[in-house]
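Written below as structure tokens is the structure these notes are about.
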Amino acid sequence: MAAAAAARCLPLRASPPEVAKAFSSIPASSSTSAAASLPLRAAVPPSSCRRITPLRCSSSLPQGSASPDIAVLLEVEGVLADVYRFGNRQAFNVAFQNLGLDCANWTEPIYADLVRKASGDEERMLLLFFNRIGWPTSLPTNEKESFMKSVLREKLKALEVFSASDSLPLRPGVEQFIDDALNEGVPVAILTTYGRNGEKTSRSIIEKLGQERTSKIHIVGKEEVETSLYGQLVLGEGVASSLDEQLVKEAQKAASAEKQRIAEEVASILKLSVDINAASESSEKIIVTLRAGSEYVGRDVQNCILVAGSQSGVLAAERIGMPSIVVRSSLTARAEFHSAKAVMDGFGGTDLTISKLLCKKWS
């Protein structure tokens, strides 16, 4: 089989192979194109010269004041933990070992170079890498795609094991950030449905927060999204019997028309032709998750602040009028986020704190 083919490769020039010690102990619904929002905020062309407004605040809310009318939604990958720095590379090396690819070993410089050249697209990273060093000698040319998919499957299995271990730490300050939010009466939800590495990896990372802390926050996964009111309307699953079916269909039709109109406006700005039916399924999934998250924390989307680690999350939040703040990770260290309200390097101190969110007046 292509997946198990042994590789004979030329030595890498970038740097000598390293031994993957970190992993020595690891063993080998139907979604629809329904409406993304009801209605969507009009799109505004990004400005490449716009500066991100820094967050500055000298104090938190006074003690005894009413609970703030905001909520925090947190992504997992890149926000709760820098999976791309402490897990992804090592998981790839385990996958290579499990498939008998002894010549394939990603050092930190090689991994960073591949991430940069492929913009984090893992299948393209594999393509670039094996084009450089040579493909397994017994692999037919027409089986390269299935070979890469088998590597990605093995990599995901290894990462799921690694994410549950102590080798993948939480980001410094994130636990205090969550505690401060809860102490200030700010509802917190963690979104697990659209991470690159699946919900199982995300939930393993969330468990590191501890049961006492997680019992006070909302975990919004696939099941929670499907059972939310918005999820039922958009995904068409388990719609409450009290809702008139025709009304639901008309609402979906109207939202689809609004989506098409906005997409065409954006397309005309970018001088592109667009067909809304070709919209990214991933984007739809993120929007439904954000809407569901706002339901669980009991706040309007405009009063929910998404703490994001991904460009896709930021863009989806912008589409529904939800403000977002980016916390950079090793994957997004050089990325630009024009749609975000602010871009921070981490939590606490001069970076992202709850006190800064509480005193920020969103425009």
Side-chain angles (χ1 to χ4, degrees), residues 1-28 77-78 81-165 167-168 194-202 204-205 280-282 310 312 329-335:
M1 291 178 61
R8 185 175 64 213
C9 324
L10 296 175
L12 295 176
R13 295 180 180 178
S15 64
E18 70 168 6
V19 178
K21 296 180 179 179
F23 266 64
S24 59
S25 62
I26 298 179
E77 296 182 20
D82 192 344
V83 178
Y84 313 108
R85 178 182 179 187
F86 294 105
N88 251 25
R89 180 181 67 85
Q90 296 92 326
F92 269 112
N93 285 336
V94 170
F96 297 148
Q97 292 175 6
N98 291 343
L99 295 172
L101 303 170
D102 295 333
C103 69
N105 190 72
W106 288 0
T107 62
E108 288 191 15
I110 291 174
Y111 178 75
D113 183 58
L114 291 171
V115 168
R116 180 178 58 82
K117 290 180 177 178
S119 300
D121 185 315
E122 295 183 345
E123 191 165 324
R124 180 161 172 73
M125 289 166 63
L126 290 170
L127 183 66
L128 291 172
F129 179 71
F130 286 105
N131 279 344
R132 181 193 304 174
I133 71 166
W135 294 81
T137 54
S138 61
L139 180 69
T141 303
N142 61 357
E143 292 188 17
K144 287 182 178 180
E145 184 174 351
S146 61
F147 166 75
M148 290 188 293
K149 290 187 182 303
S150 69
V151 174
L152 292 176
R153 283 194 299 270
E154 286 295 325
K155 172 256 176 182
L156 181 57
K157 291 177 184 178
L159 185 59
E160 287 174 349
V161 174
F162 189 63
S163 63
S165 72
S167 300
L168 180 59
Y194 61 87
R196 288 180 176 220
N197 295 292
E199 189 164 347
K200 184 176 180 180
T201 296
S202 293
S204 292
I205 294 171
S280 167
E281 181 180 337
S282 174
S310 65
S312 56
S329 67
S330 56
L331 181 67
T332 59
R334 298 183 181 180

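Annotation: the span from Asn105 atom CG to Thr107 atom OG1 amounts to 7.5 Å, rounded to 0.5 Å. One distance of note links CD of Glu143 with OG of Ser150; it measures 10.0 Å at 0.5 Å rounding. Rounding to the nearest 0.5 angstrom, the gap separating the OG atom in Ser204 from the CG atom in Asn197 is 11.5 Å. Distance check: Met125 CE to Ile110 CD1 gives 11.0 Å after rounding to the nearest 0.5 Å.
A side-chain donor from one of Asn88 and Lys155 sits under 3.5 Å from a side-chain acceptor of the other.
Heavy atoms only, all atoms of each residue included: Leu331 and Gly120 are closest at CD1-CA, 4.0 Å. Closest of all the heavy-atom pairs between Ala158 and Ala91 is CB-O, 3.9 Å. The nearest pair of heavy atoms linking Ser329 to Asp82 is CB-OD1, 3.7 Å. Leu128 approaches Ala118 most closely through the heavy-atom pair CD1-CB, 4.0 Å.
Side chain of Ser330 to backbone of Arg85: a donor-acceptor contact under 3.5 angstrom is found. With Asn131 contributing its side chain and Leu127 its backbone, the two residues share a donor-acceptor pair below 3.5 Å. Between the side chain of Glu154 and the backbone N or O of Asn98 there is no donor-acceptor pair closer than 3.5 Å.
A heavy-atom distance below 4.5 Å is not found between the side chains of Val115 and Glu122. In this structure, the side chains of Pro136 and Leu101 come closer than 4.5 Å at one or more pairs of heavy atoms. Looking only at side-chain heavy atoms (C-beta outward), Phe130 and Met148 stay at 4.5 Å or farther from each other. Side-chain contact between Val83 and Phe162 is absent, with no heavy atoms from C-beta onward closer than 4.5 Å. Counting only heavy atoms from C-beta outward, the side chains of Lys149 and Glu123 approach each other to under 4.5 Å. Side-chain contact between Tyr84 and Arg89: absent, with no pair of heavy atoms (C-beta onward) separated by less than 4.5 Å. With contacts defined as side-chain heavy-atom distances shorter than 4.5 Å, the pair Thr201/Ile205 qualifies.
Residue Arg124 qualifies as open at atom CZ: its count of foreign heavy atoms under 6.0 Å is 12 or below. For Lys144, the NZ atom counts as densely surrounded, since its 6.0 Å shell holds more than 12 non-hydrogen atoms of other residues, nucleotides or ligands.
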Applying side chain to side chain contact (heavy atoms under 4.5 Å, CB included), run through Leu126 and Phe147 and close with a yes or a no.
CA-CA 10 Å; Leu126 290 170; Phe147 166 75; over 6 Å; no
What do the steps show when you test Glu77 against Ser310 for side chain to side chain contact (heavy atoms under 4.5 Å, CB included), and what is the final call?
CA-CA 8 Å; Glu77 296 182 20; Ser310 65; over 6 Å; no
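With salt bridges taken as basic N to acidic carboxylate O contacts below 4.0 Å, one links Asp113 and Arg132.
Residues that satisfy the salt bridge (charged side-chain N to carboxylate O under 4.0 Å, His left out) test with Glu145, not counting sequence neighbours, are absent from this structure.
In this pair, Phe96 and Trp106 present their aromatic rings perpendicular. The plane angle is above 60°, beyond the 30 to 60° band.
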